[in-house]
Amino acid sequence: MRPSSLATAAVLAVTAIWGSTFFVIKDAVGKVDPVDFLVVRFAIGAAIPSLLFLGRLRRLTARQWLVGLGIGVVYGLAQIAQTVGLQTTAASVSGFITGTYVVLTPVVMWVAFRARATAGTWAAIALATVGLGVLSLTGFGAGAPLLGVGESLTLLGAALYAVHVVVLDRHASSMDAPALATVQLIGVAVTCAAFGAPDGVE
């Protein structure tokens with residue numbers, strides 16, 4: 001399998017796993033504070049690869065650490081917005097709104113770097129948006145507002161995910177992938193811990 005095909009298959013697999021987590025997390029945040037849940041989740045997620053890739057982490061420069069942590073902060077903020085929003089949003093609606101990062105990513109690219117998308121890209125974005133809507137846009141009741149607080153937070157999370165994708169694209173090829181992923185996880189864990197610190201993790 002060619003590297004590009006392998007990368008595409010990996011992204012599809014991760015997407016399938018990612019999509020299945022909405023219903024699991026919806027149940028979890030109904031019992032546990034969402035930020036506390038994220039603190040524990042990403043503390044474990046950061047600790048394990050830190051031990052596995054300790055040698056790679058030691059070879060990173062100070063600038064690479066800052067870049068990785070910064071990208072992790074963006075992702076951490078997206079996680080917090082999305083997960084807090086999920087408390088008052090149906091899992092299917094949360095999945096749809098979060099999926100709009102696909103649409104927002106080329107917009108962020110254009111705003112930040114004036115990178116124009118091709119007609120084919122926009123067509124693919126439109127098709128993906130319609131598909132996401134057909135599959136998951138089932139939680140808006142008659143007379144209900146289009147976007148409540150939970151939906152608005154989820155949309156903010158989607159925008160931050162788009163920023164994360166764009167920034168990661170700019171740095172992923174110049175850094176060791178396992179080390180970059182690990183530093184990002186550390187950044188996410190620290191960000192969640194900072195938001196969870198005022199009332200402690202329960």
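The figures that follow rest on heavy atoms only: side chains count, while hydrogens, waters and symmetry mates do not. In this text, all values refer to a predicted model and were calculated from it rather than measured experimentally.
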Would F42 and T191 count as a side chain to side chain contact (heavy atoms under 4.5 Å, CB included) if you check the C-alpha gap in whole Å, the side-chain angles of each, and the deciding distance to 0.1 Å?
CA-CA 10 Å; F42 284 101; T191 302; over 6 Å; no
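- Across every non-hydrogen atom of A78 and G157, the tightest pair is CB-O, 3.6 Å.
- Residues R41 and I25 have side chains in contact (heavy-atom distance under 4.5 Å, counting atoms from C-beta outward).
- With hydrophobic clusters built from ILVMFWY side chains whose heavy atoms lie under 4.5 angstrom apart, L52 does not share a cluster with L54.
- Under the 4.5 Å side-chain heavy-atom criterion for Ile, Leu, Val, Met, Phe, Trp and Tyr, I97 and F23 are members of distinct hydrophobic clusters.
- Rounding to the nearest 0.5 Å places CG of L60 at 12.0 Å from CZ of R58.
- In the hydrophobic clustering of this structure, V103 groups with V111; members are Ile, Leu, Val, Met, Phe, Trp, Tyr whose side-chain heavy atoms approach within less than 4.5 Å, directly or through other members.
- Under the 6.0 Å distance and 45° angle rule, R114 counts as a cation-pi partner of W110.
- Between the CG atom of L185 and the CG atom of L69 there is a distance of 11.0 Å, given to the nearest 0.5 Å.
- For the residue pair Q184/H164, the side-chain donor-acceptor check at 3.5 Å is satisfied.
- Side-chain contact between T98 and L155 is absent, with no heavy atoms from C-beta onward closer than 4.5 Å.
- Hydrophobic clustering (ILVMFWY, side-chain heavy atoms < 4.5 Å, transitive): I48 and V40 are in one cluster.
- Put simply, the side chain of F113 reaches to within 4.5 Å of the side chain of V166, judged on heavy atoms.
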Is there a side chain to side chain contact (heavy atoms under 4.5 Å, CB included) between V74 and V167 once you walk through the steps?
CA-CA 9 Å; V74 174; V167 176; 5.8 Å; no
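- In this structure a side-chain-to-backbone donor-acceptor pair under 3.5 Å is present from S174 to H171.
- In this structure, CZ in F195 is found 13.0 Å from CD in Q79, a value given to the nearest 0.5 Å.
- One hydrophobic cluster, built from ILVMFWY side chains closer than 4.5 Å, cannot hold both L104 and L153; they sit in different ones.
- Of all heavy-atom pairs spanning C192 and L38, the tightest one is SG-CB, 3.7 Å.
- Note that CG of L156 is 11.0 Å distant from CD of Q82, once rounded to the nearest 0.5 Å.
- For the pair R59 and F53, the cation-pi test (distance below 6.0 Å, angle within 45°) is failed.
- The CZ atom of F37 sits 11.5 Å away from atom CD of Q87, with the distance rounded to the nearest 0.5 Å.
- Between the OG1 atom in T154 and the OH atom in Y161 there is a gap of 9.5 Å [rounded to 0.5 Å].
- Contact detail for V84 and P34: the closest heavy-atom pair is CG2-CG, 3.9 Å.
- V11 and T15 make their closest contact through O-OG1, 2.7 Å (heavy atoms, listed as atom of the first residue, atom of the second, distance).
- For the pair I186 and S50, the tightest heavy-atom approach, listed with the atom from each and the gap, is CD1-OG, 3.7 Å.
- Screening residues 16-27 for side-chain hydrogen bond (donor to acceptor under 3.5 Å, both in side chains), with sequence neighbours left out, gives no hits.
- Side-chain N or O atoms of S94 include none that pairs as donor or acceptor with a backbone N or O of A90 at under 3.5 Å.
- Looking at every heavy atom in both residues, L180 comes nearest to G68 through CD1-CA, 3.9 Å.
- R56 pairs by the salt bridge (Lys or Arg N to Asp or Glu O under 4.0 Å) definition with D176, not counting sequence neighbours.
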